[in-house]
Amino acid sequence: MDNYDDITSKSCQKLTEYLETCNKRKTPERYEVLKAVVRTKGLFSVEMLSREMEDRSEFVVSRSTLFNTLELLTDAQLVIKHSVSRTAMYENNASQTPMACLVCQK
């Protein structure tokens with residue numbers, strides 16, 4: 001659990017620095033989405049993240065808030081966005097383990 005706490009703390013600090021640099025608001029929803037991203041293992045979609053947050057009875061955020069926050073986290077280099085079969089999939093960039101993906105084209 002310490003590893004999760006360390007990664008979350010460092011990720012929140014990096015997000016704060018990014019938001020201050022870009023003069024954007026530090027909303028609780030952005031930080032809750034980031035925490036949910038850090039908890040998620042592997043690739044995830046907006047739907048998967050939304051379900052994860054609802055199941056944990058955390059902040060209930062709209063799909064547009066999730067999309068906008070994930071774009072912001074991508075710009076802050078906290079999340080990596082992958083396009084897989086015309087679907088956007090995301091990956092936590094703060095994880096210690098590198099990940100490889102293979103996409104079958106046939």
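Looking at E32 and K35, a side-chain N of the basic residue comes within less than 4.0 Å of a carboxylate O on the acidic one, giving a salt bridge. A salt bridge links E47 to R63: one of the charged nitrogens lies within less than 4.0 Å of a carboxylate oxygen.
Closest approach of M53 and L66 over heavy atoms only: SD-CD2, 4.1 Å. Between L78 and S11 the shortest heavy-atom distance is CD1-O, 3.9 Å. Closest approach of V61 to E29, counting heavy atoms only: CG1-CG, 3.8 Å. The two residues L19 and R25 make their nearest non-hydrogen contact at CD1-O, 3.7 Å.
Considering CZ of F44 and CG of N92, their distance stands at 7.0 Å, rounded to 0.5 Å. One distance of note links CD of E17 with SG of C12; it measures 11.5 Å at 0.5 Å rounding. The CG atom of D75 sits 9.5 Å away from the NZ atom of K81 when rounded to the nearest 0.5 Å. Expressed to the nearest 0.5 Å, how far OG1 of T69 lies from CG of L34 amounts to 10.0 Å. Interatomic distance, CZ of R30 versus OG1 of T16, reported as 11.0 Å (0.5 Å rounding).
Of the N and O atoms on the side chains of S62 and T65, at least one donor lies less than 3.5 Å from an acceptor on the other residue.
Looking only at side-chain heavy atoms (C-beta outward), L49 and L70 come within less than 4.5 Å of each other. Within the 4.5 Å cutoff, side-chain heavy atoms of F67 are placed close to those of V46. A heavy-atom distance below 4.5 Å is not found between the side chains of T40 and M48. Side-chain atoms of R39 and R56, non-hydrogen and from C-beta on, do get closer than 4.5 Å to each other.
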### Test log, rule side chain to side chain contact (heavy atoms under 4.5 Å, CB included), inputs K24 and L72
CA-CA 10 Å; K24 296 187 184 273; L72 180 107; 3.5 Å; yes

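In Q77, the CD atom is not crowded: 12 or fewer heavy atoms of neighbouring residues, nucleotides or ligands sit closer than 6.0 Å.
A chain of hydrophobic side-chain contacts below 4.5 Å, direct or via other Ile, Leu, Val, Met, Phe, Trp or Tyr residues, connects L73 to Y31. One hydrophobic cluster holds both Y90 and Y18 under the rule that ILVMFWY side chains link at heavy-atom gaps under 4.5 Å.
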